[in-house]
Amino acid sequence: MTATANRTPYRYPILQEDFDLAQTLDCGQCFRWNRQPDGSYQGVVGRHPVSILQQADCLLFTGENPDFLSRQLPRYLALDEDYPAIRRHLSADPTLQKAIAYAPGIRVLRQDGWEALCSFIISQNNNIKRIKGIVERLCQCFGEELGGGAHAFPTPQRLAQASLEELAPLRSGFRAKYILDAAQKVASGEVSLEGLEQLPLEEARARLMEIKGVGVKLADCALLYGFGRVECCPTDVWIRRVLEQLYPGGLPDCALPYAGIAQQYLFHYSRTCPQAVERT
DNA sequence: CGCCAGGTATGAT
DNA sequence: ATCATACATGGC
């Protein structure tokens with residue numbers, strides 16, 4: 001029995017026909033969704049345990065709060081963005097066109113800023129499988145109980161009260177001290193996450209990098225996934241390879257306003273189809 | 001068992 | 001500035 005069992009789903013018609021839930025939730029941008037045997041995805045968005053199932057022409061949202069399902073969840077999934085237009089824009093570049101054609105259903109989610117920051121702190125020098133395990137234990141140990149065994153992502157205030165020893169069960173290794181530093185600085189207001197959406201990119205990035213263990217890449221991940229900065233392009237080893245081999249002069253101009261979205265298509269393409277990105 | 005993982009801090013050239 | 005190395009833990 002789970003928190004999302006035995007409820008009438010909210011039916012959300014898919015207007016952008018190429019939207020793909022699995023591509024979106026399994027392309028390495030989020031760490032709290034679990035695919036069920038029936039193909040649905042269970043996760044927690046904010047304080048809401050939800051289940052999502054994609055059908056031919058609609059998404060079925062299941063959860064306790066109908067208002068959240070109908071108003072907030074579509075926004076989380078970026079279903080209010082005109083992706084067909086963005087993709088047409090990016091497809092002016094032939095390589096991007098190929099990467100997009102490979103998984104056109106990807107959307108860059110609008111995640112919570114603190115959750116994105118904290119999750120990507122955990123991601124450094126780590127693999128996705130283990131990142132998900134650590135995030136899961138983090139929520140179990142410190143997140144608000146939401147019923148049915150689900151937990152919210154822990155608040156910075158809660159984590160700021162924890163000690164390094166209390167984080168030991170997470171087995172997050174050397175990242176534990178970074179998690180604590182982030183929680184303490186955010187909770188105290190020393191690093192404010194308010195208004196990060198509007199700040200010039202360099203300033204927003206510099207603010208996040210005041211946290212120990214947060215460099216350019218992690219700051220950019222937080223900005224893209226947690227603060228809606230789609231022009232921001234996190235550059236990890238995979239994207240660095242793509243840039244070196246395919247875009248030595250940087251991304252083409254058509255990609256710049258949506259560099260972060262272009263990055264997500266290229267990331268997924270280069271990881272799941274590496275030979276396509278190798279030098280010929 | 002050894003190599004590697006959506007990097008960063010640190011100390012050495 | 002640029003470069004090498006350590007870092008915790010476990011997936012494969």
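Order of the sequence lines fixes the chain letters, A, B, ..., with proteins taken first and strands second; residue numbering starts at 1 for each chain. Here the structure is a predicted model, which is why all the values come from computation and not from measurement.
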side-chain contact (heavy atoms from CB on, under 4.5 Å) between A/Arg205 and A/Met209: does it pass, once the steps are laid out?
CA-CA 6 Å; A/Arg205 187 184 277 155; A/Met209 287 173 63; 3.8 Å; yes
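Listed by chain and number, the residues in a ring pair (Phe, Tyr, Trp, His ring centres under 6.0 Å) with A/Tyr76 amount to none (sequence neighbours excluded). Shown here are the ring pair (Phe, Tyr, Trp, His ring centres under 6.0 Å) partners of A/Tyr265, two or more places apart in sequence or in another chain: there are none. For A/Tyr247, there are no ring pair (Phe, Tyr, Trp, His ring centres under 6.0 Å) partners at least two apart in sequence or on another chain.
Rounded to a whole angstrom, the distance from the P atom of C/dA6 to that of B/dC3 is 14 Å. Rounded to whole Å, the separation between the C1' atoms of C/dT5 and B/dC4 comes to 16 Å. Here the separation of C/dG10 from B/dT8, taken at their P atoms, is 22 Å to the nearest Å.
Across the interface with DNA chain B, nearest-nucleotide mapping of A/Gly213 and A/Phe267 shows A/Phe267 to be the residue nearer the 5′ end. Comparing A/Gln29 and A/Tyr178 by the nucleotide of DNA chain B that holds the closest heavy atom to each, the one mapping nearer the 5' end is A/Gln29.
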Dot-bracket line, read 5' to 3' along DNA chain B, where crossing pairs take [ ] and | marks a partner on another strand, Watson-Crick or G-U under 3.5 Å
.||||.|||||||
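Extent of DNA chain B lying under 4.0 Å from chain A heavy atoms, first and last nucleotide in 5' to 3' order, is B/dA5 to B/dA9.
No side-chain donor-acceptor contact under 3.5 Å links A/Arg75 to the backbone of A/Asp80. Judged purely by atom type and a 3.5 angstrom limit, A/Ser91 has no side-chain atom pairing as donor or acceptor with the backbone of A/Arg88.
Geometric assessment of A/Arg107 against the ring of A/Phe19 yields a negative cation-pi assignment under the 6.0 Å and 45° thresholds.
A/Phe31 comes within 4.0 angstrom of no nucleic acid atom, judged by non-hydrogen atoms across all strands. Heavy atoms of A/Gly28 sit under 4.0 angstrom from at least one base atom.
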For nucleotides 7-12 of chain C, 5' to 3', base contacts (B), sugar-phosphate-only contacts (S) and non-contacts (-) with protein non-hydrogen atoms under 4.0 Å give BBBBS-
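Ring orientation note: the planes of A/Tyr10 and A/Tyr12 are tilted relative to one another, at an angle of 30° to 60°. Classification of the A/His48-A/Phe68 ring pair by plane angle, with boundaries at 30° and 60°, yields parallel.
Between A/Pro169 and A/Arg137 there is no side-chain heavy-atom pair separated by less than 4.5 Å.
Checked against A/Arg47 for a salt bridge (Lys or Arg N to Asp or Glu O under 4.0 Å), the options A/Glu64, A/Glu145, A/Glu144 give a single hit: A/Glu144.
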